[in-house]
> 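Quick one: structure below, then a few questions.
Chain letters run A, B, ... following the sequence lines, proteins first and then strands; every chain starts at 1.
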Amino acid sequence: MVVQYIVYLGVPLIFLAVVFTIVAYLSYVERKMGAFMQIRVGPNRAGPWGILQPIADAIKFLFKEDVIVDTKDKALYVFAPAIIFIATFVALAALPFGMSFSFMGINVEMNVVNISVGVLFVVAFSGIAVYGIVLGGWASGSKYPLLGAMRSAAQVLSYEVPLTLTIAIMVLTYNTFDLTKIADLQQGTLLGFLPRWGVFLQPVAFLVFIASAFAEANRIPFDLPEEESVLVSGYHTEYSSMKFAMLFMAEYGHMILASGLIVLFFLGGWHLPYINASSIVSAFAAIIPADWARLVTALLLFGVFFVKVCAVLFVYVWARWTFPRFRFDQLMSICWKVLVPVSMVDLVITAGVITWLYA
Amino acid sequence: MAIRVKEPARGVKNRLYVELLQGMWFTLKKLLGWTDVTIEYPEEKRVVYPRFRGKHALTVDDNGRLRCLACYCCARVCPPKCIRIVAKETDDPMEKMPESYEIDLLRCAFCGLCVEACPCGALIMTEDYDFTAFSREELVMNIEKLRMDKR
């Protein structure tokens with residue numbers, strides 16, 4: 001009984017630790033990969049191959065002088081990065097990251113919270129992040145953060161539309177809001193030779209979702225609001241040390257959230273292609289006792305999920321160092337003139353096909 | 001009033017975003033190629049070109065005497081006026097010698113006009129560029145610091 005509660009507490013803590021480590025090392029991976037793509041060497045002074053660079057950054061952030069600008073809205077100024085940070089990391093709580101199983105009578109849930117409407121939860125909380133951006137830019141009291149914040153808010157709000165439409169398409173396809181069930185429905189094959197992944201069921205939705213997810217996370221090619229050359233740093237400008245670190249972590253957390261959603265909706269979640277989870281369990285159960293077989297399978301499938309999320313994060317980093325950025329009006333016209341009509345038409349077609357197949 | 005700018009027609013390749021994927025393939029090739037053009041200072045240093053203008057030096061002749069005759073040519077031509085010379089007499093009635101010769105490296109522009117102006121080849125510029133100091137006084141060069149005994 002006590003062990004059950006320890007497990008209920010421990011798994012989320014391990015998940016939190018893993019997410020924070022990924023956030024820290026994502027900055028390192030981004031700098032190193034970007035450097036190699038530009039035929040230069042990235043950070044290589046802090047530890048072998050520069051591996052301790054995120055730790056050096058953390059120490060720097062701790063000891064840096066914390067500047068608070070002299071505006072009337074000091075409370076908002078200090079609280080705005082916290083809003084973005086909280087929104088992103090609470091949304092991360094709904095992501096399942098493996099197969100839930102029971103081990104010697106203990107229920108191990110491979111998610112922080114088992115919400116049956118996980119999709120709604122994630123979409124709702126990632127929408128709250130906009131508040132933090134707008135408040136942070138406004139309360140910074142100078143014109144560059146204000147411009148950056150307004151642009152960023154317009155961008156994030158606009159791209160919420162195709163994002164939510166695409167999520168509606170996926171919810172229609174899988175007929176459930178539960179992220180765990182969505183991942184589990186992607187076992188098996190499609191047309192006999194393709195795995196039954198979302199990317200093969202809904203390729204158009206996949207492309208629209210990827211474009212919207214890049215724009216939501218303010219990543220190049222959509223990062224005009226925070227680009228370093230034009231707007232100094234957009235709404236980041238007036239933030240120093242810990243508050244900047246929080247904004248930084250919130251941006252990478254948002255990237256991880258979007259990657260997790262892409263893997264869960266489109267890339268088969270934690271399942272291997274063509275192989276059912278239950279057949280893996282039975283394969284292991286032939287060698288070791290059934291309980292341990294489930295544990296080993298769950299760890300293996302968590303590894304699969306981790307690798308897939310890392311692959312999507314690599315695509316994020318790869319795209320960042322390859323493409324130039326969009327001008328703001330090009331950005332808006334892509335959203336409203338291309339992505340929204342395409343996703344609306346796709347939604348209508350999906351609804352029509354599902355009604356025709358199952359009515 | 002908005003002016004509609006005529007944009008070039010997008011072909012099939014553009015509509016299929018082929019160029020985007022070509023760009024990504026290029027960066028991927030560079031990533032996997034594992035080459036870099038970085039010169040990792042201070043372990044590796046760039047080789048300087050032959051007449052590189054670094055820190056100054058005063059040469060000596062075969063007898064061990066400074067070649068400098070305190071003719072003030074370098075001090076006169078120096079744009080930021082960072083060379084200060086005080087001359088003194090020597091045993092030879094035709095030649096002078098510098099009693100004190102100071103170059104303030106903090107004002108020096110490293111233009112090399114002083115080296116060009118010196119008529120006896122006393123003042124040269126070496127390849128030394130990464131000198132540092134902990135105080136301003138250390139970077140005011142006098143004869144002891146500038147004297148270069150070889151060559």
Side-chain angles (χ1 to χ4, degrees), chain A residues 26 28-50 53 203-204 206-212 214-215 219-222 310-334 337-339 341-342, chain B residues 1-50 52-55 105-106 110 126-136 138-139:
Chain A
L26 196 57
Y28 167 73
V29 163
E30 177 165 15
R31 290 167 74 173
K32 248 347 212 186
M33 296 286 128
F36 283 127
M37 286 181 187
Q38 296 177 334
I39 53 172
R40 56 184 172 90
V41 179
N44 65 349
R45 296 280 160 177
W49 296 105
Q53 183 70 40
V204 175
F206 177 63
L207 294 172
V208 173
F209 191 96
I210 286 208
S212 309
F214 268 85
R219 295 288 292 184
I220 292 188
F222 299 101
C310 287
V312 179
L313 286 173
F314 174 71
V315 172
Y316 264 97
V317 171
W318 187 14
R320 182 231 157 101
W321 293 105
T322 307
F323 299 126
R325 59 175 60 94
F326 285 114
R327 217 171 52 222
F328 195 63
D329 61 311
Q330 291 173 334
L331 210 151
M332 283 292 144
S333 78
I334 287 177
K337 292 188 193 171
V338 176
L339 294 181
V342 165
Chain B
M1 252 261 315
I3 302 178
R4 287 233 79 160
V5 176
K6 229 180 177 20
E7 294 174 1
R10 296 173 65 179
V12 176
K13 270 172 68 171
N14 191 303
R15 294 267 171 203
L16 286 177
Y17 301 110
V18 168
E19 287 124 359
L20 289 184
L21 298 170
Q22 280 174 335
M24 291 184 87
W25 171 240
F26 183 82
T27 25
L28 193 66
K29 265 192 314 189
K30 288 283 174 255
L31 169 68
L32 299 172
W34 207 267
T35 52
D36 61 79
V37 293
T38 313
I39 300 176
E40 296 198 30
Y41 188 90
E43 288 95 24
E44 310 167 8
K45 292 189 196 191
R46 192 191 290 266
V47 173
V48 296
Y49 50 87
F52 184 80
R53 302 189 296 274
K55 197 163 74 166
L105 282 180
L106 292 169
F110 295 94
T126 61
E127 296 174 349
D128 194 13
Y129 59 81
D130 53 358
F131 46 89
T132 51
F134 281 102
S135 70
R136 294 203 175 154
E138 288 173 40
L139 281 178

> Check each atom of B:Leu32 against the heavy atoms of chain A and say whether the ones under 4.5 Å are side chain, backbone, both or neither.
neither
> How long is the gap from CZ on A:Phe323 to CZ on A:Phe214, to the nearest 0.5 Å?
8.0 Å
> Write down the atom of A:Ala35, the atom of A:Gly42, and the distance for their closest heavy-atom approach.
CB-N, 3.2 Å
> Scan the chain A/chain B interface and emit each donor-acceptor pair under 3.5 angstrom with its distance.
residue: A:Ile39; atom: O; partner: B:Val37; partner atom: N; Å: 3.0
residue: A:Val41; atom: N; partner: B:Thr38; partner atom: OG1; Å: 3.1
residue: A:Asn44; atom: ND2; partner: B:Glu40; partner atom: OE1; Å: 3.0
residue: A:Asn44; atom: ND2; partner: B:Glu40; partner atom: OE2; Å: 3.4
residue: A:Arg45; atom: NH1; partner: B:Glu43; partner atom: OE1; Å: 3.4
residue: A:Arg45; atom: NH1; partner: B:Glu43; partner atom: OE2; Å: 3.2
residue: A:Arg45; atom: NH2; partner: B:Tyr41; partner atom: O; Å: 3.3
residue: A:Arg45; atom: NH2; partner: B:Glu43; partner atom: OE1; Å: 3.0
residue: A:Trp318; atom: NE1; partner: B:Met24; partner atom: O; Å: 2.9
residue: A:Trp318; atom: NE1; partner: B:Thr27; partner atom: OG1; Å: 3.4
residue: A:Thr322; atom: OG1; partner: B:Thr27; partner atom: OG1; Å: 2.9

